[in-house]
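These notes concern the structure reproduced below.
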Amino acid sequence: MKIGYPCINLTLKCSGNKTFRLKSYSEPRLIATVESNLNCLLRILEFNVKHKIFFFRISSDLVPFASHPVNTCNWSQRFKDKLEEIGAFIKKHSLRISMHPDQFTLINSPSEDIFQRSAKELAYHTAILDIMQLDASAKIQIHVGGIYHDKDTSLQRFINRFSLIDASTRKRLVIENDDRLFTIADCLQISASTGIPVLFDVFHHRVNSTSASVCEALKLAQKTWKARTDGVPMVDYSSQRIDGSSRAHAESIDMDDFQQFLEETKPIDFDVMLEIKDKEKSAIKAVKAASQDLRFHQ
DNA sequence: CTTAGTCAAGGGGTA
DNA sequence: TACCCCTTGACTAAG
């Protein structure tokens, strides 16, 4: 079990996801931004190792406009050495890495254009992990997509489109149950016909679920990960913000809830991504709590 | 310096 | 059809 947080470290005085407006795009600015992002990423990973945070989600903004036509810079060549250096650090410390393209990446869209642009965005994420020379346990997580008035057809379209995605991306791709449309049961169904691993989101399951308990659902998701190539399952964990009505993430980790979560999932091994606003602060608390757990990676 | 509006990209729901 | 909501952080122009 490794514990992590997404994209941003609030303690360090650097940002690994600097971007800028499309209007102010220029190649020098892109290069300066990527350079600064990569330097910060390495600093964050070093910080994480110090604090036994062995799981991290790399921001999709690492290379701004990476899949946009405006960006004609050969960034993968230009930053190859730096990316390899970061990759070497990741491997040296056995860090688990994920990436999460945002909502606009929809491979099940009826629109061929949206599908093509999504494929490009996925190719960018794949390139980052490939250049770092990380194995297939470094994952790219997406949601199933939209319903488009017909859930079954849209679910089937995901399956068809998945087969059209480049193999280098396919081996890294995992799907996550979302908070409104596709439940863990839907994801498992897609997994059954594509072999894609299912990333279980605990919070989404609580607000959009079939009857399965957290532990049952997690067990089913676990079966979709091939231990040898995919690594142990990844799980997204967060607690709901106190104000109730909102689906927003909590400000800080609810330690009672987290402890109970650790208890109820024993003895399943998995890596936990804490989607919580105060980022590494909660991760450090969680690491402390989990370090007594036999599953915890030391 | 601080603040409020806005940002590449979509989709769902309601009036 | 038109508009609002979702969620996120940071850029950016205005004050």
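Excluded from the calculations below are hydrogen atoms, water molecules and symmetry mates; all remaining heavy atoms, backbone and side chain alike, are included. Computed from a prediction, not measured in an experiment: that's the story for all the values here. Residue numbers begin at 1 in each chain, while the letters A, B, ... track the order of the sequences.
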Please state the [atom1] separation for the pair [N] and [M] - nearest whole angstrom.
N      : M      : atom1 : result
B:dG5  : C:dC5  : P     : 14 Å
B:dA8  : C:dA2  : P     : 23 Å
C:dG9  : B:dG12 : C1'   : 24 Å
B:dG10 : C:dA10 : P     : 23 Å

Would you mind telling me which of [options] lies closest to the side-chain atoms of [X]?
X      : options               : value
A:L106 : C:dG9, B:dA8, B:dG11  : B:dG11
A:K18  : B:dA9, C:dC11, B:dG10 : C:dC11
A:I147 : B:dA9, B:dG12, C:dT12 : B:dG12

Classify the nucleic acid contact of [X] as base, sugar-phosphate or nothing, counting any heavy atom under 4.0 Å across all strands shown.
X      : result
A:S15  : nothing
A:T105 : nothing
A:T19  : sugar-phosphate
A:F65  : base

Please tell me if A:K277 has a side-chain N or O lying less than 4.0 Å from either OP1 or OP2 of C:dT8.
yes
If you compare every side-chain N and O of A:S67 against the phosphate oxygens of B:dA8 (OP1, OP2), does one of them come in below 4.0 Å?
no
Counting only Watson-Crick or G-U wobble pairs whose two distances fall under 3.5 Å, which nucleotide matches C:dA13?
B:dT3
Return yes if a side-chain donor-acceptor contact under 3.5 Å exists between A:D278 and A:S252, otherwise no.
yes
Identify, between A:L22 and A:I8, the residue whose nearest nucleotide on DNA chain C lies closer to the 5' end.
A:I8
May I ask you to decide if A:V34's main-chain N or O and A:W75's side chain share a donor-acceptor pair within less than 3.5 Å?
no
Has the side chain of A:R172 got a donor or acceptor atom that lies under 3.5 Å from a matching backbone atom of A:A138?
yes
Suppose we call two aromatic rings close when their centres sit under 6.0 Å apart. Are A:F270 and A:F261 close by that rule?
yes
